[in-house]
Amino acid sequence: MALLPLNEALSNMLAQLPQPTETETLSLNNCTNRVLAQDIISPINVPSFDNSAMDGYAIKFADLEKFTAFNIAGKSFAGKPFEGETQAGECVRIMTGAMIPTGCDAVIMQEETEQAGENQIRFTNEIKLGQNIRRVGEDVAKGNLVLAKGSLLNVASLPLLASLGIAEVEVFKRTKVAILSTGDELVSVGKLLAAGQIYDTNRFAVRLMLEKLNCEILDFGILPDDPKIFEETFMKAQQAADVLITSGGVSVGEADFTKDVLEKLGEIAFWKIAMKPGKPFAFGFLGNEGEKQTIFFGLPGNPVSALVTFYQLVQPALSQLAGLNADYLANLMPKMTACAATNLKKAVGRQDFQRGFYFINEQGELMVKPVGQQGSHIFSAFYESNCFIVLEAERGNVQVGEKVTIQPFNGLLK
Ligand code: AMP
Ligand code: MG
């Protein structure tokens, strides 16, 4: 079977995923990292009144023609406006954020004033009409679209909603994801290893990434390589979850047996993707059309392959399922061009995702070097790397100084 290019596998998969429909209304305090299911239109102007950008004095600009010194008529504080109106030749002491008194149309900062007499000041610098005034609606105008459906609610967006006085929002429900590892050799952390056994790394890694993606996690543990147990557990997961993510059992040898079980329960495609690490990958649906369907992702068993396929394939899929908008999805895994700081080993045939470290050299150029050993069983290199070096399938060895594509790790791996 010919190897499937990664971008074909990805677009094929994304095209088959349903749009999220179920929503819930949550208070602003409880929706961090959730995805908006509605457009947010501003109910107010921000700021809602003209206010001062400086600590200083508010005047009527036209008075400058007749007066060189101004009497201080009163004070305007943030939250405690000056009541009344100034007379000709009067100014108001004003603080940052305080309401501009009626009729005033310029604010002179404190540092550009000097005492003229008792309760009287004069101005030392040139003054422009309207200076140092923040206008109504300058930040957000009432009726404008503030955040579109599909926006991520985070530190950059939630305070904006708070500034509009919005107390609750409609968001998409979190995706329920069941996880499990397969393999007779696997043992959970906290237990002793017998001969031939290894610790289950993948379920732990997948859980961490699902937490970052704000999914609801249902942990189905470790399954021994037994078709009957696979079938029972997959059926339970299908009932309980929107998505099932497994690892192991999709490579040559075991694949046939996993395949048999999955064929009974739904429609799953077993792909051999032209990527390294991470060749075997399974995608499809548990459950037949018309009944409840659960999306299935079968990751390869090697921990590095499992993590890389999760990052490159499952991350975009779960982000789309979460309801994130097209702009967000297009920028999920941005790429850049860097200069190879060393030679890189690369075999022609598959797209490589080498673990790399990018940095700026003394000349200010973006450079990248590979980190540690690149084998798909070597997990330790991840910790020291900060990007994937993405080498095209048809490319061979890379010489020092050649341009290469890098993909800096996004928040999922940091
Ligand atoms: P498999 O795809 O099941 O043939 O697994 C490929 C390799 O990955 C084997 O060396 C497995 O022991 C190893 N492996 C599979 N699952 C895990 C796991 N959850 N954690 C760590 N290693 C695993
Ligand atoms: Mg296995």
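First listed ligand is number 1; within each ligand, the first listed atom is number 1. What you are looking at is a predicted structure, and each value in this text was computed from that prediction instead of being measured.
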Proximity of [X] and [Y] rings by center, below 6.0 Å:
X	Y	result
F353	Y311	no
F310	F297	no
F70	F123	yes

Taking 4.0 angstrom as the limit and counting only heavy atoms of [X], give me the atoms of ligand 1 inside it, by number and element.
X	answer
I198	12 (O), 21 (C), 22 (N), 23 (C)
P303	21 (C), 22 (N)
D200	18 (C), 19 (N), 20 (N)
Y199	20 (N), 21 (C)
G249	1 (P), 2 (O), 3 (O)
S181	19 (N)

Nitrogen or oxygen atoms of T201 and ligand 1 under 3.5 Å apart: yes
Polar proximity ligand 1 side, P300 side, N/O cut 3.5 Å exclusive: no
Over-ring placement of R93 relative to Y57, 6.0 Å and 45° cut-offs: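 Yes.
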S181 and D200: side chain donor to acceptor below 3.5 Å: yes
Whether over 12 other heavy atoms sit under 6.0 Å from M95 CE: yes
